[in-house]
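Worksheet for the structure shown next.
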Amino acid sequence: MSKKLLYTLSAVLMLAIALTACGAPAENTTSEQASCAPNCTYKDLTICYPQLGAESDWRTANTASIKETAEQLGVEQLIFSDAQQKQENQISAIRACIAQGVDVIALPPVVEDGWDAVLTEAQNAGIPVIIVDRSVSADASLYATHIGSNMVLEGERAAAEFNKLLPDGGVILELSGTTGSGAAVGRAEGLRNKLNANITILDSQTGNFTRAEALPVMQAFLQKYKPGVDFQGIFIHNDDMGIGAIEALKAAGVNPGDLVIVSVDGTRGGFQAMVDGWFQADVECNPLLGPQVFELALKLMNGETVEREILTNETVYYPENAAELLPERKY
Ligand code: AHR
C-alpha cells in the first residue's frame, strides 16, 4: 500500500471517529475511575459547585436546590463557593477543587467564553465537568454534559408575547442580563429571532441580573425616552431586574401597568408583579436543578453514559392565574 493511500485511509478513519463522537451521548472515557465504580453511592461522591453568585432570587433558589438535594441524598462532600459574579473567582474555585481531587465538578458559568484552559485542566486531571444552567462556548469535548434552560427559546417565547400584546406593532426597550452570559446572549437572540417586523427594539442596556443595577438603568431610560410615546413595552431578562425597573417607573410617576412588560424566571416576585398588574407575562426559567445534577454526577462517577445536553421543560405564566399559583411557588 502506498504511503499516500495509507495517509488518506487514516484521515478518513479519524474523521469517522470524530463524526461518531459528535452528537453521541457522552461516555465517561477521559475521567479517572473512582475505586468504588461502578457501585459508588452518593455517600462516596465529592462534588464541587462553584456557584456564580447570589445576584437574584433565581440564583438563591438554585443554591438551595443544590444544598437541599445534597442533604437529602446523603452527599457529605459538597464543596460550595460563591464567586460573586466574577469569572476569575469561579476559575480559582475550580482549580482548588482540581487540586483537591474531587470526583465531579458542576459549573454554572457566569459568562460563556474563557473556560477552555480550566476545563482542559479538569479533563487532564480526569475530573468530569457538568455545565449547569448557562452555556459555555468551549468545545463540547471539554465537558461531560450541559443541563439547563434553552435560553434562546425563552427569548422566542418573550417575543411571542410581545407579538400578541402589541398586535399593531410598537417600540420596546430591553433590560438585559449579565453581558456575555449564556442567559443574556440566548434571550437577546431569541427575542430578535421571533419579534414581528413591526416591533422595534429602541435600546438595550444591561442590569447585570440584579435589582440594584436595573433601577438606575431604568431611570436612565426614562431620562431619554418618554413611556407610552417613545416606547410601549420592556423586555426584562429576569424578575429581579423587573422589580428594580418597576420601582424606577413608579418613582417617576409612571404606572408600569400602562406598559407591556414581559419578564423571565417565574419567581414569587415575578408572580406578585403579575398579580399587581405590572408584568403581562413571565417566561419560566427553572432553577431547581439539584436532583438532576446529582444524578448525573453519580452516573459520571460510576463511569456511566450520560446525554450531552439536557434541556429543562418550561412554560410561560400569565396574570390570569398568577394569584392562584403564587402560594405554590417554590422560589
Ligand atoms: O442563568 C439564569 C439566570 O440567572 C436567571 O434568569 C437569573 O435570574 C439569574 O441571575
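Whatever order the structure lists ligands and atoms in, that order sets their numbers, starting from 1.
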Item to check | Option of least heavy-atom distance to atom 8 (O) of ligand 1 (set: D265, N286, D240) | outcome: D265

Checklist entry - In terms of the angle between their ring planes, are Y49 and F80 parallel, tilted or perpendicular, with boundaries placed at 30° and 60°? => result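 Y49 and F80: parallel rings.
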
Item to check | Any N or O of N238 closer than 3.5 Å to N or O of ligand 1 | outcome: yes

Under 4.0 Å from a heavy atom of [X]: which atoms of ligand 1 are those, numbered in the order shown and with their elements?
X    : result
S56  : 7 (C), 8 (O), 9 (C), 10 (O)
A183 : 1 (O)
R59  : 1 (O), 2 (C), 4 (O), 9 (C)
R134 : 1 (O), 3 (C), 4 (O), 9 (C), 10 (O)

Next on the checklist: Under a 4.0 Å threshold between the charged nitrogen and the carboxylate oxygen, would D239 count as salt-bridged to R211?
Outcome noted: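 D239 and R211: not salt-bridged.
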
Next on the checklist: Is there a salt bridge (Lys or Arg N to Asp or Glu O under 4.0 Å) between E174 and R192? Walk through the geometry before answering.
Outcome noted: CA-CA 11 Å; E174 183 182 39; R192 285 154 183 81; 2.8 Å; yes

Next on the checklist: How far is atom 10 (O) of ligand 1 from the closest protein heavy atom, and which atom is that?
Outcome noted: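 Among all protein heavy atoms, the one nearest atom 10 (O) of ligand 1 is E55 OE2, 2.4 Å.
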
Checklist entry - Which residue owns the protein heavy atom closest to atom 2 (C) of ligand 1, what's the atom, and how far is it? => result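 For this ligand atom, the closest protein heavy atom is D133 OD1, 3.3 Å.
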
Checklist entry - Would you say the side-chain atoms of Q232 pair up with the backbone N or O of V171, donor to acceptor, closer than 3.5 Å? => result yes

Checklist entry - Do you see a donor-acceptor pair shorter than 3.5 Å between the side chains of E314 and S149? => result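 There is such a pair between these side chains.
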
Next on the checklist: Between I130 and L300, is there a side-chain heavy-atom distance shorter than 4.5 Å?
Outcome noted: yes

Checklist entry - Which is it for M241 and ligand 1 at heavy atoms under 4.0 Å: side chain, backbone, both or neither? => result neither

Item to check | Test item, Q85 contacting ligand 1 (heavy atom, 4.0 angstrom) | outcome: no

Next on the checklist: Whether R59 engages the ring of Y331 as a cation-pi pair (distance to the six-membered ring centre under 6.0 angstrom, angle to the ring normal within 45°) should be assessed.
Outcome noted: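 Geometry flag: not set, cation outside 6.0 Å or 45°.
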
